[in-house]
Amino acid sequence: MQSLERLLKDAIVYGQPRTRRPWKKILILVEGIYSMEGSIVRLPEVIALKKKYKAYLYLDEAHSIGALGPSGRGVVDYFGLDPEDVDVMMGTFTKSFGASGGYIGGKKELIDYLRTHSHSAVYATSMSPPVMEQIITSMKCIMGQDGTSLGKECIQQLAENTRYFRRRLKEMGFIIYGNEDSPVVPLMLYMPAKIGAFGREMLKRNIGVVVVGFPATPIIESRARFCLSAAHTKEILDTALKEIDEVGDLLQLKYSRHRLVPLLDRPFDETTYEETED
């Protein structure tokens with residue numbers, strides 16, 4: 001946040017390059033959940049800076065819409081903020097909604113302008129009726145307007161899966177990036193040579209994983225990325241974790257000096273863990 005504030009101050013003080021004329025608009029672009037880091041944006045602080053320096057805020061909710069917040073409305077819902085504080089809200093229908101395409105939300109003037117001038121609106125064809133129906137049905141399900149509690153149960157299940165999967169990986173000794181509530185889980189491999197080895201060894205065990213290296217990440221911050229779903233059962237997660245544990249030992253991926261171990265001085269349950277140095 002200090003870096004963002006410094007950038008905003010510099011933009012206001014120095015203005016445009018060469019001419020030094022003041023900027024007409026300053027736009028802050030952030031993601032809800034960063035897809036390679038698994039971190040949730042510190043939105044309350046970003047909004048505070050936006051208001052302080054009279055900037056505009058553009059929020060990309062590709063990974064957070066339908067996955068975060070008590071009612072699945074994304075990172076704004078997660079922090080309990082007012083959606084009106086975000087000038088442009090964008091997201092995709094390909095992840096939580098299981099369809100295709102995306103959306104962009106904002107003031108009527110902005111949307112009318114985009115419909116008239118944006119190439120993606122002017123030259124693209126309309127969505128097909130089955131895709132539209134899939135999106136509408138998914139939204140009704142998430143919002144509880146389909147007459148069932150399925151949407152709420154899925155959001156709760158996803159949150160439970162996320163915490164369980166992250167906790168188990170940390171217990172094993174892996175280094176995991178991101179926020180505890182983020183369903184995007186990057187497992188750090190670090191060494192470029194281990195990217196292919198991890199992918200192949202997991203595939204031998206009938207599990208396909210997404211491994212990521214340079215230039216999508218810094219050259220020595222290679223990682224495997226897991227995206228959790230409400231459809232994953234505890235048995236599925238345990239099967240995957242067993243294989244990840246085995247491959248982690250084989251490739252020596254358990255870099256963490258801090259492992260979560262059960263506390264022995266009180267009855268054990270899933271919450272009685274503390275971080276101790278190995």
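Here, residue 1 is the first one in the sequence, and each next residue gets the next number.
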What heavy-atom pair brings [X] and [Y] nearest, and what distance separates the two atoms?
| X | Y | value |
| --- | --- | --- |
| Val184 | Ser35 | CG1-O, 3.4 Å |
| Met127 | Ile135 | SD-CD1, 3.7 Å |
| Met172 | Leu241 | CE-O, 3.4 Å |
| Phe198 | Ala224 | CE2-CB, 3.6 Å |
| Ile33 | Ser182 | CG2-OG, 3.5 Å |
| Tyr103 | Thr92 | CE2-N, 4.0 Å |

**OP:** I would like to know whether Lys50 and Tyr56 meet side-chain contact (heavy atoms from CB on, under 4.5 Å); could you show each step before the answer?
**Re:** CA-CA 6 Å; Lys50 170 221 153 175; Tyr56 294 82; 5.8 Å; no
Value rounded to 0.5 Å, distance of [atom1] in [X] from [atom2] in [Y]:
| X | Y | atom1 | atom2 | answer |
| --- | --- | --- | --- | --- |
| Ile142 | Ile155 | CD1 | CD1 | 6.0 Å |
| Asp82 | Glu84 | CG | CD | 5.5 Å |
| Thr239 | Lys234 | OG1 | NZ | 10.5 Å |
| Leu49 | Gln2 | CG | CD | 9.0 Å |
| Arg42 | Leu4 | CZ | CG | 10.0 Å |
| Met202 | Ile207 | CE | CD1 | 4.0 Å |

Cluster overlap [X] with [Y], hydrophobic side-chain contacts below 4.5 Å:
| X | Y | value |
| --- | --- | --- |
| Val75 | Met36 | no |
| Tyr123 | Leu114 | no |
| Leu43 | Leu29 | no |
| Ile111 | Tyr58 | yes |
| Val209 | Leu187 | yes |

Main-chain N/O of [Y] paired with [X] side-chain donor or acceptor, under 3.5 Å:
| X | Y | answer |
| --- | --- | --- |
| Tyr190 | Leu253 | no |
| Asp87 | Leu57 | yes |
| Ser222 | Leu189 | no |
| Arg166 | Asn179 | yes |
| Lys194 | Leu251 | yes |
| Asn161 | Leu228 | no |
| Lys95 | Gly66 | no |

Subject >> side-chain contact (heavy atoms from CB on, under 4.5 Å), paired with Met89, selected from Ile104, Asp60, Ile65, Leu59 >> reply: Leu59
Using a 4.5 Å cut-off on heavy atoms from C-beta on, say whether the side chain of [Y] contacts that of [X].
| X | Y | result |
| --- | --- | --- |
| Phe165 | Ile244 | yes |
| Arg73 | Met143 | yes |
| Met188 | Phe174 | no |
| Val41 | Glu31 | no |
| Tyr53 | Ile26 | no |
| Leu68 | Asp77 | no |
| Arg163 | Asp181 | yes |
| Gln156 | Lys152 | yes |

**OP:** On the 0 to 90° scale, with breaks at 30° and 60°, tag the Phe93-Phe97 ring pair as parallel, tilted or perpendicular.
**Re:** perpendicular
**OP:** Show the numbers, then the answer: is there a side-chain contact (heavy atoms from CB on, under 4.5 Å) between Ile28 and Leu8?
**Re:** CA-CA 9 Å; Ile28 302 168; Leu8 287 167; 4.1 Å; yes
**OP:** Verify whether one side chain among Tyr164 and Asp238 offers a donor that lies under 3.5 Å from an acceptor in the other.
**Re:** yes
Do the charged groups of [X] and [Y] touch, with an N to O distance under 4.0 Å?
| X | Y | answer |
| --- | --- | --- |
| Arg223 | Glu37 | yes |
| Asp85 | Lys51 | yes |
| Asp112 | Arg115 | yes |
| Glu246 | Lys204 | no |

Original post:
If you draw a 6.0 Å radius around OH in Tyr255, do more than 12 non-hydrogen atoms from other residues or ligands fall strictly inside?
Top reply: yes
